[in-house]
Structures are given as structure tokens and as C-alpha cells.
> 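Here's a structure for you.
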There are 2 protein chains.
Amino acid sequence: MRLTDTEWQLMNCLWEKHPATARGIAGRLPPEIKWAYTTIRTLLARLVDKGAVREYKEGNTSLYEPILTRENARKSALKTLVNQAFDGAYGPLMHFLVNDPNLTPQQRQALEEALKEQPEKRGGKENGGDNQ
Amino acid sequence: MRLTDTEWQLMNCLWEKHPATARGIAGRLPPEIKWAYTTIRTLLARLVDKGAVREYKEGNTSLYEPILTRENARKSALKTLVNQAFDGAYGPLMHFLVNDPNLTPQQRQALEEALKEQPEKRGGKENGGDNQ
DNA sequence: TGACTCTTACTACGATTGTAGTAAACTATG
DNA sequence: CATAGTTTACTACAATCGTAGTAAGAGTCA
């Protein structure tokens, strides 16, 4: 399951607190984001369509709840990144992270040790369907 | 500089070998990708527009060369991922990677040690303009 | 030089994404 | 109940993305 930029924003709010109303989500968005109420509704509807979010009614009002877990969304995003930018293997990503000049030499050392046996591919399914 | 899926494909070919013709790139794409020659040209033109690639002529034929470095593209992609999915901090990403069940216990141990002092934010510019 | 083949330049077109607007239905309140 | 604010349902629309097609010019070879 790929999420777009705006979908990540909403999902982050939903993972933080759910179920939530559109209005509630609006309140929990980072302050620099000022979306129209209907924008949020549109994006939520798309997430429902994709199966990432469940919608149900309480009286007249829609409540939303994540179906996709944060864990699975992260896995999936990482897998995409690794495929696009790191030859499809986690090793190169790790190496790239390890070469971050902000790491202290000790940190780098320890990480490099750990990487010596880092398996190249992460096994398992991207998203096992059971993402509750 | 954000790259789309297809743009990553082309850039990966270009980083591998450049300068390159559109035809040459076609030959270096992974075998499961079968794009029309004109598709590749269109995508390259968009990359040139974005300033990720330089195009110059040899006789009648266009040669392409990356301007954006792989390093910078990776940095940028990682920053996007971290912002979307890991609260904008590298620490949580590292933790997520460390909790990969495919790591051996020793690897996990070493990584966790290293992470104890992992700074949350990576400093420096996303893309310093000097991406030659 | 005529017939092919390759390359270029330009255009196209549906799907997705970001960002709403409007009208109608619902709800709460004086 | 009349009015005002809230929520819904539906529609819109430009930009970007994936994926080409076509026509015309250039190079190549018999």
C-alpha cells in the first residue's frame, strides 16, 4: 500500500488517535497545514477507497479508523525506497545511513560491525493482508 | 529534488553509465521494463526540465548525463521518507531498521548500542546545489 | 538516388494527486 | 418552529505521471 504525501499526514493523525472525525483530524494536523474541511473529507474518502481506513457512522457523523497499521505502512515505504534508490537491498541503505557524517566514530564503528552479516534482503511479505 | 518511480529507473541507468543515449538506456533497463523508445525520451525530457539531467547533442543524437548525484537523490529520498513516516527524525528510522526480525540478535545488539546516542536530526542541506 | 531505419520534435490522453466548492440534509437553540 | 452552523454527497479542476503515437528530418546502404 503506497501512501501519498497528504495521505501520510492524515494517517499520522489517525494513528495518533482513533477513531476520529474529520474535524478532529483537522485539529491534530501540524499547524502549518491549513486544509479546507472538505479537502480532508476528500482525502479520507480516498483512503477509505484504498482500504487503508474504515469509516463508520455515529448518528450523522463519520468516524474514521486506520486499517493499515503504521508498521505496515512503514515497511512498505521502506521497501519502495530500497527498491528505487538502494538496489533493492537493505544492506546499501544501512551503509548509506552508517556513512552519515553526523554519526560519531564510535557509532559508525558499531554499526559497521553489525552490518558485516546484514542479510541483503528483508524477508516476509510487504503487507500480509492482516494489517489490523 | 523528488524523483518519481520511472525517473528513478532512468537515473539508475544513467548513474551506472554516462553519458548515454536513449537507446543505450533502454538497453540497460531491467528486463521486465519494456518502454517504448519515445516513452524514454519523454521521461528524459522531463528530467532535463527538472534539472536532474543534462542533454547535449553529438551530431543529431542526444546524449544524457546526470546532474543530480545518486548521493543527493538518496539523501533527498531518505529525508522525505523520514518526514512522512518517521516523525522527521532519523532515530525512529534506525530503530525501525533495528527491529527488523531478520537481524540476528548480535546484529541487533550492536545496532542498539550504536543508537543510544544517535542524534535525532541529520544536519546539513538536503541538496547543496553542488550536486555534480 | 530511393528505400529503410533511427532520431527528433511535438502532441496526446487517461489516472492520480492536491486542493477545494456547492447544495442539500441535519442539528441545535433561541 | 425559524435560523444558523455542521456534515454529507457530489462535483470540479489544474498539475503531474505513466505511457505512448505521429510526422518529419537525418543517416545509411544497395
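Sequence lines set the chain letters: A, B, ... in the order given, protein chains first and strands last, and positions in each chain run from 1.
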> Mind calculating the distance between OH (A/Tyr56) and C1' (D/dT8) to the nearest angstrom?
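Taking OH of A/Tyr56 and C1' of D/dT8, I get 18 Å after rounding.
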> Applying the side-chain contact (heavy atoms from CB on, under 4.5 Å) criterion to B/Tyr64, which one of B/Thr21, B/Val48, B/Ile40, B/Leu47 satisfies it?
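Checked B/Thr21, B/Val48, B/Ile40, B/Leu47 against B/Tyr64; only one passes side-chain contact (heavy atoms from CB on, under 4.5 Å): B/Val48.
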> Counting only side-chain N and O atoms of A/Thr39, is one of them less than 4.0 Å from OP1 or OP2 of C/dG18?
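So the side-chain polar atoms of A/Thr39 never come under 4.0 Å of the phosphate oxygens OP1 or OP2 of C/dG18.
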> Return the value, rounded to whole Å, for the distance between atom CG of A/Asn60 and atom C1' of C/dC26.
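Atom-to-atom, A/Asn60 to C/dC26, this comes out as 5 Å.
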> Look only at the side chain of B/Asn12 and the backbone of A/Gln84, and say whether a donor-acceptor pair between them is shorter than 3.5 Å.
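Indeed, once roles are kept as given, a pair shorter than 3.5 Å links the two residues.
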> Quickly, which of B/Arg46, B/Arg2, B/Lys50 forms a salt bridge (charged side-chain N to carboxylate O under 4.0 Å, His left out) with B/Glu7? Name it, please.
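Single salt bridge (charged side-chain N to carboxylate O under 4.0 Å, His left out) partner of B/Glu7 among B/Arg46, B/Arg2, B/Lys50: B/Lys50.
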> In whole angstrom, give the distance that lies between atom CD of A/Glu58 and atom P of C/dT27.
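These atoms are roughly 12 Å apart.
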> Can you identify which nucleotide, out of C/dT27, D/dT19, C/dT19, has its nearest atom closest to the A/Arg46 side chain?
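Within the option list, the nearest is C/dT19.
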> Is there a side-chain contact between B/Thr61 and the phosphate of C/dT7, meaning an N or O under 4.0 Å from OP1 or OP2?
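Checking C/dT7 against B/Thr61, no side-chain N or O comes under 4.0 Å of OP1 or OP2.
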> Measure the distance from CZ on A/Arg2 to P on C/dT16 and round it to the nearest whole Å.
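Rounded to whole Å, this separation is 13 Å.
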> For A/Lys50, which contact category applies under a 4.0 Å heavy-atom criterion: base, sugar-phosphate, or nothing?
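Counting heavy atoms under 4.0 Å across all strands, no contact is made by A/Lys50.
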> Going by modelled atom types, is there a donor-acceptor pair between the base of D/dT8 and the side chain of A/Arg23 at under 3.5 Å?
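Under the 3.5 Å cut-off, the side chain and the base do not form any donor-acceptor pair.
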> Roughly, in whole Å, what's the span from CD in A/Glu55 to P in D/dT7?
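Rounding to the nearest Å, CD of A/Glu55 and P of D/dT7 are 14 Å apart.
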> Across the strands shown, which category fits B/Thr42 at heavy-atom distances under 4.0 angstrom: base, sugar-phosphate, nothing?
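Since a base atom lies under 4.0 Å of B/Thr42, the category is base.
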> What's the closest nucleotide to the side chain of B/Arg41 if the choices are D/dG18, C/dG18, C/dT8?
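Within the option list, the nearest is C/dT8.
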> Is the distance from OP1 or OP2 of D/dT16 to the nearest side-chain N or O of B/Thr4 less than 4.0 Å?
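B/Thr4 to D/dT16 OP1/OP2: no side-chain N or O under 4.0 Å.
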> Roughly how many Å is it from CG in A/Leu44 to C1' in D/dT7, rounded to a whole number?
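Taking atom C1' of D/dT7 as the reference, CG of A/Leu44 is at 13 Å.
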> Is there a donor-acceptor contact under 3.5 Å from the side chain of B/Lys17 to the main chain of B/Leu14?
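No, the answer is negative, given that no donor and acceptor are paired below the 3.5 Å cut-off.
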> Starting at the 5' end of DNA chain C and moving along, which residue's nearest nucleotide shows up first, B/Ser62 or A/Glu7?
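The residue closer to the strand's 5' end, by nearest nucleotide, is B/Ser62.
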> Which whole-number value in Å describes the distance from B/Leu43 CG to C/dT8 P?
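Rounding to the nearest Å, CG of B/Leu43 and P of C/dT8 are 15 Å apart.
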> Find the distance between OG (A/Ser76) and CE (A/Met1) and round it off to the nearest 0.5 Å.
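With rounding to 0.5 Å, OG (A/Ser76) is 8.0 Å from CE (A/Met1).
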> Which is true for A/Lys57 with a 4.0 Å heavy-atom rule: it touches a base, it touches only sugar-phosphate, or it touches nothing?
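It contacts sugar-phosphate atoms only.
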> In this structure, how many angstroms lie between the P atom of C/dT7 and the OH atom of B/Tyr64, rounded?
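Answer to the nearest Å: 11 Å.
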> With a 4.0 Å limit, can you tell me whether A/Tyr37 has a side-chain N or O closer than that to the phosphate oxygens OP1/OP2 of D/dT8?
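Indeed, a polar side-chain atom of A/Tyr37 lies that close.
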> With no angle test and no hydrogens, is the base of C/dG21 tied to the side chain of A/Thr38 by a donor-acceptor pair under 3.5 Å?
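Yes, the side chain and the base share a sub-3.5 Å donor-acceptor pair.
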